[in-house]
Structures are given as structure tokens and as C-alpha cells.
Amino acid sequence: MIVVFLGPPGAGKGTQAKLLSQRMGLLHLSTGDILREAVKNQTPLGLKAKEYMDRGELVPDSLIVALIEECLPEEGGVILDGFPRTVAQAQALEDMLSSRNKKLSKVILFDSPDEVIVDRLSGRRVCSNCGAVYHIKYNPPKREGVCDLCGGSLVQREDDKEDVIRHRLEVYRKQTEPLIDFYQKRNIIFRLDATKDIQDLFSELEGILKDGR
Ligand code: ADP
Ligand code: AMP
């Protein structure tokens with residue numbers, strides 16, 4: 001099974017991808033997570049990507065497509081979280097899969113209004129050590145500012161500051177939303193009401209993925 005999670009930043013894609021990968025044994029491939037790790041380690045990719053990420057812009061397609069070509073496994077199920085984000089990336093993914101005699105199983109659209117997105121992103125905190133994701137109101141850690149999993153300190157992402165959030169939403173509308181039409185034409189898109197809470201959303205998601213359509 002190869003599934004794409006599509007939707008605005010902060011809609012809850014990463015949170016659901018982590019739950020789903022544990023439940024169904026799928027590989028969770030998040031381009032955002034891979035890029036942040038590359039930035040942290042100051043790899044050549046990280047050095048090129050950093051300025052785009054800090055501004056809330058998309059990293060150039062050529063870098064992202066090369067990254068996915070390297071990371072996409074030959075076998076086994078995958079959740080693609082945050083990729084593709086442009087029509088060019090979607091086309092490249094289709095070509096990549098067809099050269100391996102595979103195709104996308106489903107695209108899950110996380111649908112959410114801007115107020116919910118801004119509220120989620122401004123309250124998001126991430127572990128500076130292991131990358132675990134929390135929310136100050138909706139998914140708080142047991143001890144304020146401390147990661148439940150590894151004891152690392154929780155920080156706010158630079159791109160989760162309000163002015164960058166607004167810009168990321170504009171970028172989403174302009175560059176990523178056309179993918180809805182792209183996948184509607186292929187009849188593989190399923191819409192989720194992402195305003196629901198984490199557990200309800202997960203049940204709905206499982207229902208969609210278990211349904212053989
Ligand atoms: P994305 O991967 O789409 O950018 P995240 O999964 O990181 O989004 O979620 C963004 C923020 O919203 C995080 O702080 C997360 O804890 C919180 N969150 C995720 N899903 C929900 C939900 N269904 N209800 C409320 N808060 C959520
Ligand atoms: P995310 O963690 O998915 O919110 O991604 C954080 C940032 O990484 C984005 O704002 C982009 O700068 C970059 N990024 C992640 N995935 C992609 C992608 N598929 N294409 C271009 N840029 C990406």
C-alpha cells in the first residue's frame with residue numbers, strides 16, 4: 001500500500017501518519033522530517049534547503065524528487081507525508097512508481113479551515129532531540145516543556161511563528177491545492193474532516209484504508 005497524505009500544514013498529517021505506521025506497519029516517509037534532520041546535520045541538502053524552509057517556501061522540486069528517489073523503498077507499504085506538494089512532484093512520483101510497476105493506492109486529503117490550522121501550528125511544540133510532536137492544548141506532554149518519550153526539551157519550530165504560518169498557507173493554496181484536482185481526475189482521493197480530534201480522525205482514516213475501494 002502506498003498512501004499520500006495531502007493537506008495544509010498543521011492539519012494533523014504527521015500525527016496520523018505516526019499512529020498509522022505503528023498500527024499497520026507502514027513506513028512513514030515525511031519529507032519535512034527528513035529535511036529538518038538534514039538541516040540539523042548540515043548536510044549538502046540541508047544547507048540548500050534551510051533558507052526556503054525558514055521563509056516558509058517550498059524547497060525546489062529537483063531536490064525533493066531526488067530525495068524521494070533515494071528514500072522510497074522497493075518493497076513494503078509507505079505513507080508519504082508532505083510529498084508530493086506540487087504538480088511536478090506528483091508527476092515525478094507517478095513516473096517513479098510506474099517504472100517500478102506500482103501505483104498509488106489512495107490519497108487522503110486532510111481538510112481544515114485556516115483558523116484551525118493557525119491554532120494548531122501556533123500551539124505545536126516539537127522535541128529538539130527526537131522530533132516527537134505535541135500541542136500545548138490538544139496533545140500536551142506530561143511535564144510542560146519536556147518530551148514524554150526521551151526527556152528532550154520541547155521547542156517551537158521557526159516556521160510555526162504566525163507570520164510564516166500565514167505565508168505557508170498561501171504557498172499551500174497556490175502550489176499544493178492544484179493536486180486535489182490532479183488526484184480527483186485519477187479517482188483516488190478521499191476527504192477527511194481534519195477538524196475532528198486525534199482519535200476520531202484515526203478511526204475514520206482506518207475505515208478508509210481498510211475499505212477495499
Ligand atoms: P502536519 O503534519 O499536518 O503539519 P501535525 O501532525 O504536526 O500536522 O499537527 C499539527 C499540530 O496539531 C500538532 O501540535 C499536533 O499535536 C496537533 N494536532 C494534530 N492532530 C490534531 C487533532 N486532530 N486535533 C487537535 N490537534 C491536533
Ligand atoms: P512540513 O514539515 O511538511 O510542514 O515541511 C516543512 C518545510 O519543509 C516546508 O515548509 C518546505 O519548506 C519543506 N518541504 C517539506 N516537504 C516538501 C516538499 N514535498 N516539497 C517542497 N518543500 C518541502
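Start at 1 with the first residue, then count along the sequence. Since this is a predicted model, take the numbers as computed values, not measurements. Atoms within each ligand, like the ligands themselves, are counted from 1 in listed order.
- At a 4.0 Å heavy-atom cut-off, ligand 2 touches Ile64 through the side chain alone.
- At the top of the distance list for atom 20 (N) of ligand 2, counting protein heavy atoms only, stands Gln89 NE2, 2.9 Å.
- At a 4.0 Å cut-off, not a single heavy atom of Glu51 sits close enough to ligand 2 to count as contact.
- A search for side-chain hydrogen bond (donor to acceptor under 3.5 Å, both in side chains) contacts involving Asp160 returns Arg124, Arg168, not counting sequence neighbours.
- Contacts between Val59 and ligand 2, counted as non-hydrogen atom pairs separated by less than 4.0 Å, involve both the backbone and the side chain.
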Once you restrict both partners to nitrogen or oxygen, which atoms of ligand 1 have a protein partner under 3.5 Å, and how far apart are they?
residue  : atom   : partner : partner atom : Å
ligand 1 : 2 (O)  : Gly14   : N            : 2.8
ligand 1 : 3 (O)  : Gly10   : N            : 3.4
ligand 1 : 3 (O)  : Ala11   : N            : 3.3
ligand 1 : 3 (O)  : Gly12   : N            : 3.0
ligand 1 : 3 (O)  : Lys13   : N            : 2.9
ligand 1 : 3 (O)  : Lys13   : NZ           : 2.9
ligand 1 : 4 (O)  : Gly10   : N            : 2.8
ligand 1 : 4 (O)  : Arg124  : NH1          : 3.1
ligand 1 : 6 (O)  : Gly14   : N            : 3.4
ligand 1 : 6 (O)  : Thr15   : N            : 2.8
ligand 1 : 6 (O)  : Thr15   : OG1          : 2.6
ligand 1 : 7 (O)  : Arg124  : NH1          : 2.6
ligand 1 : 8 (O)  : Gly12   : N            : 3.2
ligand 1 : 14 (O) : Tyr134  : O            : 2.8
ligand 1 : 23 (N) : Lys196  : O            : 2.8
ligand 1 : 23 (N) : Ile198  : N            : 3.4
ligand 1 : 24 (N) : Arg120  : NH2          : 3.2

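- Not a single heavy atom of Arg55 sits closer than 4.0 Å to an atom of ligand 2.
- Residue-ligand proximity, Glu57 to ligand 2, at heavy-atom distances under 4.0 Å covers atoms 11 (C), 12 (O).
- Remark: the Ser112 side chain and the Thr195 side chain contain no N/O donor-acceptor pair separated by less than 3.5 Å.
- Close approach of ligand 2 to Arg168 (heavy-atom distance below 4.0 Å) involves ligand atoms 4 (O).
- In terms of polar-atom proximity, Thr31 is counted as a contact of ligand 2, with an N or O under 3.5 Å from an N or O of the ligand.
- Between Glu51 and Arg55 a salt bridge is recorded (basic side-chain N to carboxylate O distance below 4.0 Å).
- The closest side-chain donor-acceptor pair between Gln22 and His28, if any, does not fall under 3.5 angstrom.
- Near Arg157, the atoms of ligand 2 lying under 4.0 angstrom from a non-hydrogen atom of the residue are 1 (P), 2 (O), 4 (O), 6 (C).
- Polar contact with ligand 2: present for Arg85 (N/O pair, distance under 3.5 Å).
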